[in-house]
Amino acid sequence: MLTVIIIGVTVGLIYGLVAIGYSLIWQSMSLVHFAQGDLLMLGGFLAITLIGMKISNLFVVLLLVFVMMALVGLIIQRGAYCYIPQHRGTTRIIATLGVGMILRNMAVLIWGTRARGLPDNFFPGGSLKFSGVAIRPVYYWSFFIGIMLVVALVIFLYRTKFGMAMRLTAYNYSLAELMGINPGIYQTLAFMLATGITGVAGILVSPISFVSYRMGLAFGVKGFAAAIIGGLDSLPGALIGGITIGLIEVFFGRYISGYVDVLIFGIMIIVLIFKPRGFFGKVHAEKI
Amino acid sequence: MSNIKKYYGIIIIIALLAMPFVINSYYWIRLLTTMGIYLIIAMGLNMLLGYTGLVSIGQAGIFGIAAYTAGLLMKNAGISFWVSFIIVLILGAFIGMFIGIITLKLKQAYLAIVTLGLALMTQTILLNWREVTGGFEGLLRVPKPTIFGFVIKAPSHVLFMVTVFCIITFFIIQNISKSKWGRSMRAVRDDDIAASMMGINVVKTKLLAFTLSAVLASVSGGLYAGLYGAMFPDYFSMDLSVLFLCMVVLGGMGTVIGPIIGALLITFGLEALRGLGEGQMLVYGIFIVAVCVLKPGGFVEVVGDIRNLFASKKRREAEENA
Amino acid sequence: MSENVLVINDLNVMYGKMIHAIKDLSMDVRQGEIVAVLGANGAGKSTLLKTISGLLKPKTGSIKINNQELVGIPAHKVLSYGVAHVPEGRMIVPHFSVKENLLVGAYIADKKSVNGNIERVMEIFPKLKERLNQTAGTLSGGEQQMLAIGRALMSEPKILLLDEPSLGLAPILVDKVMEMVQLINKTQGVTVMLVEQNVYIALDIADRAYVLENGYITMSGSSAELKKDETLKKQYLAG
């Protein structure tokens with residue numbers, strides 16, 4: 001049972017980080033970013049390449065992946081999304097689908113179709129013994145990194161001036177302008193933050209599965225299910241939703257294997273229909 | 001419709017019907033057949049998206065359900081193609097209505113996600129329900145359709161059949177577009193609150209759109225099962241749904257010829273890019289994004305722009321000569 | 001004669017292609033004044049303020065603050081020119097604390113002066129001092145209005161644009177808010193442009209006023225003059 005919880009939480013953290021990405025982008029730009037899962041995939045591949053280049057310090061890899069993915073976010077936002085006006089909802093959706101396609105196929109061109117994993121001894125330290133279960137370094141490091149990312153995000157958003165400006169822009173674009181804040185810049189920054197975080201989460205995938213060009217879809221949709229359950233308007237909700245989905249997947253996966261995806265999608269749809277704002281989201285839309 | 005248009009229309013129809021027998025290349029026939037199948041789905045999606053403004057990323061799922069159902073009926077239950085076809089259409093109608101009902105209150109992106117979720121659920125079930133669908137090994141050796149004892153097997157006959165269905169679908173769509181339903185749909189797309197105040201039954205309109213698009217996707221599903229004879233769960237993917245979406249959007253939403261232009265552009269565009277190998281889909285993705293950024297109105301908008309260009313040129317010339 | 005803080009010349013603002021919201025408007029506001037812009041709903045008062053603060057772009061015309069042209073400046077830069085707009089409905093952030101709402105207003109201000117400014121605002125609005133760490137959404141309407149004004153003061157503006165501060169407030173609170181506005185004007189020397197439907201209270205604190213009807217200025221003068229004006233009395237003060 002403990003093993004289930006450990007694996008479930010680790011997977012759940014990944015879904016949670018993807019969900020946080022969706023939530024950040026939704027709150028600041030009113031956009032459902034269908035390519036989020038592919039960002040996870042890209043981050044994972046970048047990490048693998050960096051490690052293959054003999055960069056052995058974990059934190060350096062994390063930092064580099066974050067920066068590179070944030071740059072990718074900058075390119076996507078400034079190269080495409082910012083030019084499509086908000087009222088053209090369908091076009092925005094298709095643009096995100098197109099970006100996802102670009103990311104996937106770029107990955108195929110660069111890294112091929114073979115699935116890859118991180119070298120097993122990459123994470124330092126030995127196994128932790130806990131309650132009779134041996135937890136391999138790859139699990140507790142993933143957990144630790146995931147938690148650190150969330151903490152860093154919270155500190156940034158709630159304790160810095162930039163975070164405040166970002167939250168204000170997400171709340172009301174015009175009000176931000178009146179306060180002297182350039183909302184366009186903060187929307188872009190929020191997007192970059194979301195791509196960076198989800199990209200780094202790509203490293204956490206290694207204990208559970210291999211990184212392949214197709215993983216974006218699976219993680220992307222389930223990450224979205226997590227965001228829906230938690231409520232797109234709520235960052236903590238996104239994280240909790242993620243862990244919930246992770247636990248559900250690992251727990252039920254043992255009994256119904258492939259069909260667990262059906263269960264998760266089904267839950268997502270039901271929540272969308274009956275509780276569209278999720279369990280932690282705001283009841284009334286406070287957007288512009 | 002003015003007489004000259006009618007004449008051209010008839011000529012085009014005759015040309016289309018003759019085309020399968022005139023083309024020699026197996027490659028082209030196959031390509032056009034697939035395009036025809038996709039076109040029917042795209043025309044349905046256009047009703048949903050272009051006319052009524054409802055986004056669906058799940059048409060491939062309905063296509064898949066229809067194809068597998070028809071295939072299983074024909075192969076395992078020995079039911080004839082035409083009966084299976086009708087059954088699948090009815091099934092499609094129910095699915096469309098069901099989706100419409102559960103998503104009535106949902107807005108754009110949320111609706112898109114539900115349709116995506118349903119399509120993914122479908123694909124997962126098709127993949128895992130091995131006893132029935134054959135799983136990733138696929139459903140094979142589905143019997144071919146017969147019409148009055150004549151088996152439709154030859155590629156040109158297959159293309160002919162698909163062409164006939166395309167033409168029929170086109171006329172149905174055109175009629176609906178001009179009818180009061182067509183107007184209701186457009187009104188709902190533009191502003192559903194205003195539409196309801198004008199007396200339009202928004203619920204019925206939306207359900208009609210969903211049902212229609214699902215039925216058309218099922219038409220293609222049934223045709224696919226009978227004419228192609230083999231299918232795999234992998235095929236009915238999100239990428240396929242996105243392909244349909246692109247056909248509708250690129251060609252120009254909300255017009256009758258839009259999906260046709262879109263289907264042509266995408267089918268031939270992708271073929272042209274085939275030489276790029278791995279890069280094909282990458283260029284496709286870049287193209288999609290480019291169109292979204294530069295011409296959100298789709299190709300029809302480009303045509304409109306070109307027309308305007310000529311119109312203003314004529315006006316300028318008229319002014320100069322005056 | 002004190003110099004002009006705000007000078008507007010021949011301003012024309014359109015909504016889309018059809019609606020001409022503000023027509024050839026010219027007006028000025030002098031240093032230290034409280035100028036009221038009066039008019040019924042839809043007369044164009046809010047539109048005027050939104051155009052000054054850059055949320056809307058005029059078709060033609062000029063808006064100068066201390067001789068610097070505002071037209072064409074992106075909305076988020078306008079605050080740095082000293083123009084603080086307290087929007088209609090106050091627009092405070094309900095899920096932020098009172099303090100955070102004030103900090104929002106201080107975004108462009110010099111880091112060192114922020115704490116000093118908070119102190120000053122606390123002095124002017126003691127009620128806010130009590131509730132500094134409370135969530136702003138729990139404040140009463142009047143307190144929220146004061147918070148909105150306090151927030152605007154955080155950037156040490158040269159001119160305060162107040163959009164219908166009395167809206168939705170009980171009369172007793174309206175008096176309080178207006179008292180505060182007058183206080184700020186006298187003690188801090190902040191020039192005020194006040195848009196109001198409630199002609200009584202506006203003329204009570206304003207030095208001068210303009211009357212806006214369908215986008216045109218139909219009347220202007222000192223508040224003393226306007227208070228005596230018969231047509232004004234009939235139109236707005238009846239009942």
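In what follows, chains are A, B, ... by sequence order, proteins preceding strands, each numbered from 1.
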Query raised in the report: Does atom NZ of C:K127 have more than 12 heavy-atom neighbours, drawn from other residues, nucleotides or ligands, at distances under 6.0 Å?
Result: no

Query - Heavy-atom pair count under 4.5 Å with chain A, highest-scoring of C:R151, C:H85, C:K77, C:K50 - result: C:R151

Report task. Apply side-chain contact (heavy atoms from CB on, under 4.5 Å) to A:P236 and list each qualifying residue two or more places apart in sequence or on a separate chain. Result -> A:S234

Query - Close side-chain approach of A:L175 to C:V104, heavy-atom, < 4.5 Å - result: no

Requested in this report: Count the heavy-atom pairs under 4.5 Å between each of A:G184, A:G180, A:P183 and chain C, then report the option with the highest count.
Outcome: A:G180

Query raised in the report: Non-hydrogen atoms of chain A under 4.5 Å away: do they reach the side chain of C:I92, the backbone, both or neither?
Result: backbone

Query raised in the report: How close do C:S53 and A:L178 get, heavy atom to heavy atom, and via which atoms?
Result: OG-CD2, 3.6 Å

Query raised in the report: Is the count of non-hydrogen atoms from other residues, nucleotides or ligands lying under 6.0 Å from C:D110 atom CG greater than 12?
Result: yes

Query - Proximity of residues 152-168 of chain A to chain C, residues having a non-hydrogen atom under 4.5 angstrom - result: A:K161, A:M164, A:A165, A:R167, A:L168

Report task. Output the distance between atom CG (C:L103) and atom CE (A:M179), rounded to the nearest 0.5 Å. Result -> 12.5 Å

